[in-house]
Protein chains: 2
Amino acid sequence: MARAARTGYHHGALRQALLKHATKLLDKEGVEAVTIRAVARAAGVSHAAPINHFETRNALLTALATSFFDNLAADIDAHVQSADDKLARVRAFAVALVEYGLRYPQRYRLMWRRDLLLPDAALQLSMDGIYERLTAELSGVRRRHGKSTHTVATAMWSLAHGYISMRIDRMFEARTDEVTGQSRFEAMLDLLLGLAS
Amino acid sequence: MARAARTGYHHGALRQALLKHATKLLDKEGVEAVTIRAVARAAGVSHAAPINHFETRNALLTALATSFFDNLAADIDAHVQSADDKLARVRAFAVALVEYGLRYPQRYRLMWRRDLLLPDAALQLSMDGIYERLTAELSGVRRRHGKSTHTVATAMWSLAHGYISMRIDRMFEARTDEVTGQSRFEAMLDLLLGLAS
DNA sequence: CTTGCCATGTTGACATCGTCAATATCACGG
DNA sequence: CCGTGATATTGACGATGTCAACATGGCAAG
């Protein structure tokens, strides 16, 4: 299985092709454009062919989201590894998350569309992996306050997720004063981590 | 106009009725269930009747979201007014926001579905009103750090929005240790406001 | 080498949706 | 008393997800 060329009737590697075209459609036109039929058209197969590889549209979207979580995890690892200081690793985690969200807004949105994603072991695993990376990094940092690691993790996660969501939805567009973009987020992170100057 | 009883053919107060049934449908089954036809059925009119009051489905959803933002603003005002201390008012703002989001998850989700909401002056006004309340409360609070009011506002907003979103999507479900719910969020807020014990 | 099985594709159908156009009803102002 | 404009209805169209019936052909067992 997983052949490369199509034999005329059978495609040969439809699953991969579907995921590729679905991602392209998602990035370009948003999740609404990722219909089974549109993806099938893009791959040059009949409208019902995808059902052999993804039982429903939501199953396709779930597979997509899983792959995005894995990509994000890789990005995070790369960022974190290139930081020396323990605190810098924590910041690198958050920065990687924000960068991914702002770079691929449609993917990021899909990743949290609980109403579209099926309960799925693989997806859950990929998601949990990210959160575990965060708690792992945080547990190594000394704290002056009495909050638990989970509290700090939840706070950082919420801050980053909220910031990304609002930026994607252009909520801050009209009221950015001097500081914007990455440095804006890092200033917020300083606040949370008690590093405010 | 805005009569009460239906005359047999004409409804009399369809617009109100549509919004009421749409809200009920939304709370019960999510935004996907809020179709023009379903709302029309609930109101006991034909499938195309709503078009006289809302040009498209998204226009209906936009009107819904606007009313929710107004309700939220009222909730916030009530919470904030019952606090004496300036800092307590800021905390009351955040708590009101979180309470609303967790109380009406489907409404809260819809309020941020930029892909479903039309660019609309009334909606924008209602949204902006909320953010302005936050900056107004924040500008009265003394700060030890050098961050601007906007930075703190953005941070608080992001933290609350992220927390609500993740709670709605049950992201923290599996990993809540001792502290949960409201007190969990308040602990996070302490962190951000530099009140960590 | 042959044969038959079954994963993979195709075709056609159905219900549902948003939206539009044509038509019907009726409350109210002239 | 009448007709006109706002409001409802009916019917249609194309798009969608999904299912069932059928076609194709790669591959493994004989």
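Protein chains get the first letters and strands the later ones, always in sequence-line order, with residue 1 at the start of each.
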With under 30° as parallel and over 60° as perpendicular, where do the rings of B/Trp157 and B/Tyr131 fit, or are they tilted in between? perpendicular

What orientation do B/Trp112 and B/Phe69 show, parallel under 30°, tilted 30 to 60°, or perpendicular over 60°? perpendicular

In whole angstroms, how far is the [atom2] atom of [N] from the [atom1] atom of [X]?
{"X": "A/Leu61", "N": "D/dT16", "atom1": "CG", "atom2": "P", "result": "14 Å"}
{"X": "A/Leu25", "N": "D/dA15", "atom1": "CG", "atom2": "P", "result": "16 Å"}
{"X": "A/Gln16", "N": "C/dT8", "atom1": "CD", "atom2": "C1'", "result": "15 Å"}
{"X": "A/His11", "N": "C/dA7", "atom1": "NE2", "atom2": "C1'", "result": "15 Å"}
{"X": "B/Arg15", "N": "D/dA6", "atom1": "CZ", "atom2": "P", "result": "16 Å"}

N/O donor to acceptor pairs below 3.5 angstrom from side-chain atoms of residues 98-106 of chain A, sequence neighbours left out:
residue: A/Glu99; atom: OE1; partner: A/His79; partner atom: NE2; Å: 3.1

Return yes if a side-chain donor-acceptor contact under 3.5 Å exists between A/Gln81 and A/Asp77, otherwise no. no

With sequence neighbours left out, the residues meeting salt bridge (Lys or Arg N to Asp or Glu O under 4.0 Å) with A/Asp75 are none

Where do A/Asp190 and B/Lys147 land on the salt bridge (charged side-chain N to carboxylate O under 4.0 Å, His left out) test, with the steps shown first? CA-CA 10 Å; A/Asp190 286 347; B/Lys147 312 299 186 189; 3.7 Å; yes

For nucleotides 13-23 of chain C, 5' to 3', base contacts (B), sugar-phosphate-only contacts (S) and non-contacts (-) with protein non-hydrogen atoms under 4.0 Å give B---BBBB---

Under the 3.5 Å rule, do the base of D/dA8 and the side chain of B/Asn52 count as making a donor-acceptor pair? yes

